[in-house]
Structure formats: structure tokens, C-alpha cells
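Take a look at the structure set out below.
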Amino acid sequence: MTSKADAAGKGTVTVTLDGTNRSTTLPLLSGTLGPAVVDIRKLYGDLGIFTYDPGYGATASCESTITYIDGDAGVLLYRGYPIEQLAERSDYIEVAYLLMYGELPTARQLEEFRRGVTYHTMLHEQLRRFFDGFRRDAHPMAVMCGVVGAMAAFYHDNLDINDPRQREIAAFRLIAKVPTIAAWAYKYSIGQPFMYPRNDLSYAENFLYMLNAVPAEPWVNNPILSRAMDRILVLHADHEQNASTSTVRLAGSTGANPFACIAAGIAALWGPAHGGANEAVLKMLAEIGRPENIPAFINGVKDKNSHTKLMGFGHRVYKNFDPRAKIMKETCHEVLAELGIKDEPLLDIAMELERIALSDEYFISRKLYPNVDFYSGIILKAMGIPTQMFTVLFAVARTVGWVSQWKELIEDPSQRIGRPRQIYRGPAQRDYVPLDVRG
Ligand code: CMC
């Protein structure tokens with residue numbers, strides 16, 4: 001394979017099949033930032049070969065203008081804006097607007113958007129009955145998959161994916177209603193009455209209200225905690241073509257309705273290698289139990305046969321540091337100080353794990369650093385949010401990212417159904433053998 005690129009990154013790659021005189025020249029594409037990308041679309045037609053990239057570590061599946069990550073430099077940009085600036089100076093609703101529409105809003109646009117989202121926060125009353133069908137001990141992520149998917153049965157008026165206005169209303173509904181569904185999944189599990197959304201509160205405040213308030217008592221907002229919640233939402237709002245976003249896009253490429261697509265994303269997020277990691281971090285800390293058990297745990301992590309991972313560490317793309325983790329770490333200390341938490345054994349274990357992992361050759365050589373979920377789990381625990389809700393919270397935050405990526409996919413004229421190929425290693429064609437003559 002030979003490549004030629006000019007200073008602008010444009011150029012070609014020529015692929016020659018060894019031992020033949022067959023070759024093809026493929027275009028080299030370049031984005032605003034990031035490495036050049038070989039456009040292999042005509043490779044199979046020209047040479048009759050596929051590419052192989054399990055886990056898609058070297059494959060760009062789409063063009064996108066939404067989020068950019070430089071894993072080596074620890075950079076995360078939403079529509080070009082650094083995550084540090086957005087976490088410090090913006091809020092979730094403004095970030096949601098930015099992700100959906102590509103630009104920061106004017107004051108009027110922001111107000112209209114805020115109104116548009118809050119207008120849709122209530123659920124169809126009939127949807128409320130869905131919750132009764134679940135066992136009280138159901139994992140809230142199971143409830144989320146079910147109820148978000150079921151939204152397609154309730155909002156028929158915005159299922160035409162080819163109508164831009166219907167797409168927008170579906171997006172508003174998803175962003176607005178997902179916190180209500182999440183909070184009700186939690187209330188159901190603890191047997192408390194559902195709290196209806198309050199549109200006088202901010203997105204983060206309303207979510208905390210629906211999670212924590214009860215009808216019997218007034219609810220008091222703690223600005224430090226709602227700010228921390230808002231920051232968690234901002235930091236998790238989008239993350240380029242990760243597993244759940246790619247799932248949403250793959251489902252969307254079939255023409256499935258947006259509610260079905262987001263339910264598919266929620267299912268993919270649930271796994272412990274992805275959004276389930278924040279819950280897994282807390283489980284791991286509880287299993288370790290005491291700081292003196294850490295060395296044995298770390299030895300287990302290094303032993304390939306134990307299949308134990310240090311949860312909250314490592315990332316497919318970030319190989320230097322996760323910029324979200326840096327911000328989360330600061331927020332974590334703010335929240336713990338506000339709540340007056342000094343002697344939290346799980347926190348001591350977490351800090352000791354972090355110290356060991358950052359100085360241990362095994363983790364250093366593999367470029368394994370704490371990721372966003374390492375600290376978000378600790379913050380949420382300190383805020384009294386039950387462990388099972390951690391991944392749900394991630395799903396609430398990521399809904400706007402999924403919705404924006406889904407909209408971008410549908411609006412991309414080059415989009416086709418997603419359909420990867422494979423290396424088939426099963427038996428070659430053979431004839432059926434009747435039962436009575438099989439050995
Ligand atoms: N603990 C111990 N070893 C690890 C870990 C870990 N957390 N992560 C990776 N490794 C090792 C892995 O065994 C491999 O070692 P070797 O080269 O000796 O075979 C090496 O590091 C490279 O790992 P990999 O499996 O090729 O990395 P990946 O890019 O496929 O996986 C990951 C990325 C995030 C799935 C993985 O690091 C992991 O499972 N981490 C723990 C779960 C976690 O915290 N996930 C949240 C990610 S951030 C939130 C989100 O975006 O969803």
C-alpha cells in the first residue's frame with residue numbers, strides 16, 4: 001500500500017494485491033481536525049477484498065460535525081468548543097442547543113429552546129401505568145429501555161423521520177421526558193409516589209427534584225449539588241462515535257423511529273465496558289472493602305486469567321488523560337466538601353487505587369488513566385443517588401448527544417443502511433446428511 005498526501009492532507013492511497021498486477025487508487029479524505037481517512041468504498045468493487053477492523057479502532061463510520069476527540073492530547077470539543085470552557089461557563093440546556101443546532105444560541109434562541117424542552121417534560125398519563133408492569137427490584141436501565149422504546153406507541157404525531165419538524169419535536173420530547181422516566185423508574189423501585197416535573201426549575205434541578213422530593217415535605221434546592229449534577233450532564237452529553245452512539249446510528253440507518261433508536265442506545269450504554277462502568281466502579285470499591293485489600297486486588301487485575309479490570313480506568317480513545325475526568329475530580333472535591341464528607345471508606349479506597357494505578361508500571365505502560373466514570377460514581381454516591389441509577393443518569397445526559405447524532409445521520413444525503421461485512425470462518429458449503437446415516 002502506498003500513499004501520497006499533499007500539505008492539506010488530500011491525496012490518494014494505492015493498494016496493490018501482492019502477486020498480481022491488480023491495484024486501485026483510493027481517495028484520502030481529511031476533516032477539520034484529526035488524521036486523514038482512506039475512503040475504501042470502491043475497494044471491494046475494484047479488488048474484491050474487504051477490510052478487517054474488529055472493534056472499529058481504525059474505521060470512521062460517518063462524517064460528523066458534532067464532537068471531536070484527540071485521545072493523545074486529551075482534547076474533547078463539542079462543535080469546536082473545549083469541554084473545560086463549557087463545563088465552567090455554560091449549562092446543560094445551552095450545551096444541548098449547541099449539540100443539536102451547531103452554534104451557541106442567542107439569548108432569545110436559548111429562551112425558546114428552554115421553553116420548548118420544558119414544555120415536553122410531562123409523560124402521557126397512560127405511560128405511567130407501564131411502570132406498574134415491572135418488578136419493584138427491576139434494574140432501572142431495564143425500565144429505561146422499555147419505557148423509552150414504548151414512547152413510539154404514544155407519540156404517533158412525530159414518527160415521520162423525513163419531516164424536519166417532526167424530527168425536532170421527537171428530539172424535544174426525548175430530551176425533556178427522559179429525566180422524568182429515569183426519576184420515575186427510581187421512585188417505583190423504592191415505592192415512593194412519582195413526582196411530576198416542575199418547569200420553574202432548571203433541567204438539573206428538576207431532575208434532582210423528581211428523584212429526591214416527596215409530596216409530604218417541601219423540597220429545598222442545594223445549588224452546589226444541582227451545579228454538580230448539571231456538570232455531570234454537560235460532561236456526558238456527547239462523545240463522538242462510541243458504542244451506544246454507533247448503535248443509535250446503526251438503528252437509525254434502517255429508518256427506525258427515534259424512540260426505538262434511543263432505546264437501542266440505552267441498551268448498548270448499559271454494559272460495564274461503557275456507561276455501566278460508573279455503577280461497576282462503586283461495586284468494585286465495595287468489594288475491595290478496605291484499603292489493605294487493594295494490593296491483592298491490583299494483583300488480580302494484572303492477572304490475565306482473573307478477568308478483573310480496574311473499573312473507571314482506561315479508554316479506547318484517551319491514551320493520555322480523560323479531560324472529563326479532570327473536571328469531575330474537581331467537582332468531586334467540591335461536592336464532598338459541601339456535604340462535609342471526610343471519612344468515607346469507599347472514597348479512601350478510590351483515592352488509594354488512583355494513587356497506585358498512576359504510579360504502577362502495568363497501568364503506565366498501557367496508558368490507563370482514570371476516566372470520567374471513576375469520579376462521577378463517587379460524586380453520585382456522595383449525593384445519595386443509589387448505585388443502580390448511575391448508568392441511568394449517564395443515559396439522561398447522553399440523550400441529547402444521541403438525538404443530535406441521529407438527526408445528523410438522517411439529514412446526511414450520503415447515508416445508507418449500516419451493514420458491516422465479515423471474515424467467514426465456518427464450514428465451506430457441504431451437503432445435508434440424513435439423520436439415519438450420521439455417525
Ligand atoms: N484494568 C486493567 N487492565 C486494563 C483496563 C482496566 N480498566 N483497561 C484496559 N486494560 C488492559 C487490557 O487488558 C490490555 O492489556 P494487554 O495489552 O496486556 O492485553 C490493555 O490494557 C489494552 O486494553 P484494551 O482492552 O485493548 O483497550 P480497549 O480500548 O479495547 O478498552 C475499555 C477500553 C474502556 C473498554 C477498557 O479500558 C475497560 O474495560 N475499562 C474499564 C471499564 C470502564 O471504565 N469503562 C468506561 C469508559 S469511559 C465511559 C464511556 O465512555 O463509556
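Order of listing sets the numbers, starting from 1, for every ligand and every atom in it. For the single chain, residues carry numbers from 1 onward in sequence order.
Ion pair E168/K407 not flagged as a salt bridge, since none of the NZ, NE, NH1 or NH2 atoms sits closer than 4.0 Å to an Asp/Glu carboxylate oxygen. Remark: D91 engages R114 in a salt bridge, criterion side-chain N to carboxylate O under 4.0 Å. With salt bridges taken as basic N to acidic carboxylate O contacts below 4.0 Å, none links R227 and E334. Using a 4.0 Å cut-off between a side-chain N of Lys or Arg and a carboxylate O of Asp or Glu, E352 and R355 qualify as a salt bridge.
Of the protein's heavy atoms, none falls inside 4.0 Å of atom 26 (O) of ligand 1. In this structure, atom 23 (O) of ligand 1 has no protein heavy-atom contact shorter than 4.0 Å. For atom 20 (C) of ligand 1, the nearest protein heavy atom lies closer than 4.0 Å.
Atom numbering of ligand 1 starts at 1 in the shown order; those under 4.0 Å from a heavy atom of G275 are 52 (O). Applying the 4.0 Å criterion to heavy atoms of A277 picks out, from ligand 1, the atoms 43 (C), 44 (O), 45 (N), 46 (C). Shown in contact with G312 at under 4.0 Å from a heavy atom are these atoms of ligand 1, numbered in order with element: 43 (C), 44 (O). Listed by number with element, the atoms of ligand 1 under 4.0 angstrom from any heavy atom of V301 are 1 (N), 2 (C).
A distance of 12.5 Å separates OG1 of T399 from NE2 of H236, quoted to the nearest 0.5 Å.
Scanning R398, H315, E240 for the heavy atom closest to atom 51 (O) of ligand 1 points to H315. The residue from R316, K309, H307 that puts a heavy atom closest to atom 6 (C) of ligand 1 is K309. The heavy atom nearest to atom 13 (O) of ligand 1, out of those in H274, K304, R366, M311, is found in K304.
With a heavy-atom cut-off of 4.0 Å, F374 does not touch ligand 1 at all. In L310, the parts holding a heavy atom less than 4.0 Å from any atom of ligand 1 are both the side chain and the backbone.
The shortest contact between atom 49 (C) of ligand 1 and any protein heavy atom is with D373 OD2, 3.1 Å. Remark: minimum distance from atom 36 (C) of ligand 1 to any protein heavy atom is reached at F313 O, 4.4 Å. The closest protein non-hydrogen atom to atom 47 (C) of ligand 1 is N371 ND2, 3.6 Å. With respect to atom 45 (N) of ligand 1, the closest heavy atom belonging to the protein is A273 O, 3.1 Å. Looking only at heavy atoms of the protein, atom 4 (C) of ligand 1 is closest to L368 CD1, 3.4 Å. Of all protein heavy atoms, the one closest to atom 3 (N) of ligand 1 is Y362 OH, 3.2 Å.
Each of I69, L77, V75 was checked for a side-chain contact (heavy atoms from CB on, under 4.5 Å) with L33, and the lone residue meeting it is L77. Residue L353 forms a side-chain contact (heavy atoms from CB on, under 4.5 Å) with just one option from D348, I288, V301, L358, and that option is I288.
Counting heavy atoms from C-beta outward, L174 and W402 have side chains that stay 4.5 Å or more apart.
Screening residues 73-87 for side-chain hydrogen bond (donor to acceptor under 3.5 Å, both in side chains) gives T65-R79 as the qualifying pairs, with residues at least two apart or on separate chains.
In this structure, R198 is positioned above the aromatic face of Y209, its NZ or CZ under 6.0 Å from the six-membered ring centre and within 45° of the axis. Judged by the 6.0 Å and 45° rule, R128 forms no cation-pi pair with F131.
Using a 4.0 Å cutoff on heavy atoms, P272 counts as a contact of ligand 1.
Side chain to side chain, S64 and E408 meet the donor-acceptor criterion of an N or O pair below 3.5 Å.
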